[in-house]
A.B. asks: 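Okay, handing you the structure first.
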2 protein chains.
Amino acid sequence: MTPLPTPQQLRFLTALADHQHFGRAANACAVSQSTLSAGILTLEHQLDAAILDRGAGKRVVFTPLGQELVGRARMALAALTAVAEAADAARAPLTGPLRLGVIPTIGPFLLPRLMPAVRAAFPGLRLYLREDLTARLVERLAANRLDALLVALPCDCGGGETLPLARDAFVAALPPGHPLAQAEQVPLAALTRERLLLLEDGHCLRDQALAVCGLHAGRQDEFAATSLHTLVQMVAGGLGVTLLPQSAIAGGVTAGTEIVLRPLAGAGAWRTLGLVWRPGAPRAAEYRALAPVLAGASCPAG
Amino acid sequence: MTPLPTPQQLRFLTALADHQHFGRAANACAVSQSTLSAGILTLEHQLDAAILDRGAGKRVVFTPLGQELVGRARMALAALTAVAEAADAARAPLTGPLRLGVIPTIGPFLLPRLMPAVRAAFPGLRLYLREDLTARLVERLAANRLDALLVALPCDCGGGETLPLARDAFVAALPPGHPLAQAEQVPLAALTRERLLLLEDGHCLRDQALAVCGLHAGRQDEFAATSLHTLVQMVAGGLGVTLLPQSAIAGGVTAGTEIVLRPLAGAGAWRTLGLVWRPGAPRAAEYRALAPVLAGASCPAG
DNA sequence: GGGGGTCATCGGTTTGTCCGATCAATGTAA
DNA sequence: TTACATTGATCGGACAAACCGATGACCCCC
């Protein structure tokens, strides 16, 4: 039978795929170029498989089989680190590095309150943050380049395990002097008759706002905002109305503007802040332990 | 950071979990007892985790963390072998060992025709067969103790990837001289008024026959058969009627009896023979290549 | 045609793994 | 209680493998 590849060999392989260059890959693996070259050679020999296309000049070109092996090597290395991580998690819960992805409609407003709370509860935890759209975060989560995500549900989390944290109510944001501002509350139906400003495509807040108003998601805007801050400025400029999450308001997104905020009539509407991770992640128990702290610090109503 | 565990260490760990005994585990790993003992010790030291409960006499007792690490070790080793298997599969498709699970209502009747066809098409393929109920096969497939399953769809394949192979029509099997035998075809509705004999619980054929007749699956039988052969004998003895798959009849399950076979009226009814494997299995492409051969040899109508 | 750059190859050194023998602890039978 | 058998842990020495630095072969660009 074919001998099992060494983890080191798989590291060499993935590094080579990442850098497309023997020297830099070797540097990333903290070995000499000769070692990495020999490692790849022996791997090819042991598996009896052509991983690199060595006919194509001096460039690093992977064969189709090589590409597949790279993917499987990544999986194997992830499974291997999962063993070590499970041990780490059991020994010292909620310590060490944790790579957390946050969506742009949460990050700037909630993190200033979340981080101190997390630091106080788990002083040993080092949160590495990455802000991006949900889809990109989910992609990185699946590729094992993030450990967990802080997103707004419902969303397409690509099979990840999700844990709801807190409700984040939507509030109507109106230009100063807008007719709807005269009432204490704004009915949802009234909003649909206004010119509803939204974030650009890709932001889950856009889809959720549309869903709340009962509009179809495929709608084309003449001018979509790229962030909540610019969206607020457009509303303040009288271009239309919008829905803002309570957490963003608490985070000061409307500070310095004359925007009028009105709660929605009836049962209201909200998004749910949630934590997402890969199913079966070694540190899943830690994420569950982290959730109450996040929920306690994120609940906009206190 | 915690150093990654060696594959050898993980082998030691899983072997120890399998055998619950250092000496036998070491033997299974083809190393000396001292080596395995030292290997487990260094693993515990490197991960800084208590894997074994060494307070409990001389017995091998795993801590809860140890149990989890064993599971993750199995996954990591499987992912590691998957790399090698992917290389094997690309180098020599449909050769080497393949562990195939088959359900009891397919195995005895179809395999005598399937095996020669497979041998002719892929001389290098060595099929290791295991016959069991669908649920147990699915369990073994998930545990990486089987590579693929030959089952009857629809069934609960536990998230496995399925590929339909061929239709296997149901035929009414009646005792000699039964009133329904006078017609050329038997309407399904007529069967529900008869005393319908079935296999015992756990056989998917039982559930499929009930579904075909529009009966509820929870039904209790006074006397359920344990195999198609005994079921046929009971029908021949006049105890009732049943549905038999065409493939089993072609396989000679009714040979030597006076049972009367009649096709079902109308569109008829059938089960679908299908191949199942783990999603993302390294040899998935091979299973797809194997399918036409299986389908060609299994189609009862030729 | 020279020079920089890139990957493969070669000896020498170091590191780590494994084995056999032995020790300590436990459980069992006389 | 004593003697024995079994089991897991420890130790020193031998072997193998991984790694490094230097060098070689090749390509591309100037």
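Labels below follow one simple rule: chain letters A, B, ... track the order of the sequence lines, proteins then strands, and each chain is numbered from 1.
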A.B. asks: Mind listing the closest non-hydrogen atom pair of A:Glu286 and A:Ala89 along with its distance?
C.D. replies: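 The answer is OE2-CB, 3.0 Å.
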A.B. asks: Can you tell me how far apart CD (B:Glu161) and CH2 (B:Trp277) are? Round to the nearest 0.5 Å.
C.D. replies: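 The CD atom of B:Glu161 sits 5.0 Å away from the CH2 atom of B:Trp277.
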A.B. asks: Would you say C:dA8 has OP1 or OP2 under 4.0 Å from some side-chain N or O of A:Ser37?
C.D. replies: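 Yes, such a contact exists.
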A.B. asks: Hey, what are the protein-to-nucleotides 13-17 of chain D N/O distances that come in under 3.5 Å?
C.D. replies:
none

A.B. asks: Just how far, in rounded Å, is P of C:dT9 from CD of A:Glu44?
C.D. replies: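 So the CD-P distance, A:Glu44 to C:dT9, works out to 11 Å.
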A.B. asks: Could you pull out the closest heavy-atom pair between B:Thr14 and B:Arg74, with the gap in Å?
C.D. replies: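 Of all heavy-atom pairs spanning B:Thr14 and B:Arg74, the closest is CG2-CG, 3.7 Å.
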A.B. asks: First locate atom CG of B:Leu100, then atom CG of B:Leu111, and finally report the distance between them rounded to the nearest 0.5 Å.
C.D. replies: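 That separation rounds to 7.5 Å.
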A.B. asks: Specify the residue among B:Ala38 and B:Arg24 whose closest nucleotide of DNA chain D lies further upstream toward the 5′ end.
C.D. replies: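 Taking each residue's closest nucleotide, the earlier one in sequence belongs to B:Arg24.
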A.B. asks: Whole Å only: how far is the CG atom of A:Leu16 from the P atom of C:dC7?
C.D. replies: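 So the two atoms are 8 Å apart, to the nearest Å.
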A.B. asks: Could you tell me how far apart A:His45 (NE2) and C:dT9 (C1') are, to the nearest whole angstrom?
C.D. replies: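 Spelled out: NE2 on A:His45 to C1' on C:dT9 is 15 Å.
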A.B. asks: Closest heavy-atom contact between A:Gln9 and A:Thr42?
C.D. replies: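 The answer is NE2-OG1, 3.4 Å.
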A.B. asks: With side chain to side chain contact (heavy atoms under 4.5 Å, CB included) as the test, pick out the partner of A:Tyr287 among A:Leu294, A:Leu275, A:Leu163.
C.D. replies: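 The side chain to side chain contact (heavy atoms under 4.5 Å, CB included) with A:Tyr287 is passed solely by A:Leu275 among A:Leu294, A:Leu275, A:Leu163.
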A.B. asks: Do nucleotides 13-21 of chain C as a string where each nucleotide becomes B, S or -: B if the base has a protein heavy atom under 4.0 Å, S if just the sugar-phosphate does, - if no protein is that close.
C.D. replies: -----SBBB
A.B. asks: In whole angstroms, how far is the P atom of D:dT7 from the CG atom of B:Asn27?
C.D. replies: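 So the CG-P distance, B:Asn27 to D:dT7, works out to 13 Å.
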A.B. asks: B:His21 has an atom NE2; how far is it from atom C1' of D:dA5, in whole Å?
C.D. replies: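 After rounding, the gap between these two atoms is 12 Å.
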A.B. asks: Tell me the interatomic distance from A:Leu10, atom CG, to D:dA18, atom C1', rounded to whole angstroms.
C.D. replies: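 Rounding to the nearest Å, CG of A:Leu10 and C1' of D:dA18 are 16 Å apart.
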A.B. asks: Could you tell me whether the side chains of A:Ser34 and A:Ser37 share a donor-acceptor contact shorter than 3.5 Å?
C.D. replies: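 There is no such pair (donor and acceptor under 3.5 Å, judged by atom type) between the side chains of A:Ser34 and A:Ser37.
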A.B. asks: Could you tell me whether a side-chain N or O of A:His21 sits under 3.5 Å from a main-chain N or O of A:Gly23, the two making a donor and an acceptor?
C.D. replies: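 Yes; judged by distance alone, with no hydrogens or angles, the pair exists.
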A.B. asks: Check whether more than 12 heavy atoms from other residues, nucleotides or ligands sit under 6.0 Å from atom CZ of A:Arg136, and answer yes or no.
C.D. replies: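 It does not: A:Arg136 CZ has 12 such atoms or fewer within range.
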A.B. asks: Specify the separation, in whole Å, of atom CD of B:Gln20 and atom C1' of D:dG8.
C.D. replies: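 In whole Å, D:dG8 C1' lies 14 Å from B:Gln20 CD.
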A.B. asks: Touch check for A:Gly39, heavy atoms < 4.0 angstrom, all strands: base, sugar-phosphate only, or nothing?
C.D. replies: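 Here A:Gly39 touches no strand at all.
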A.B. asks: Could you tell me how far apart A:Leu41 (CG) and C:dA8 (C1') are, to the nearest whole angstrom?
C.D. replies: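 Nearest whole value for this atom pair: 7 Å.
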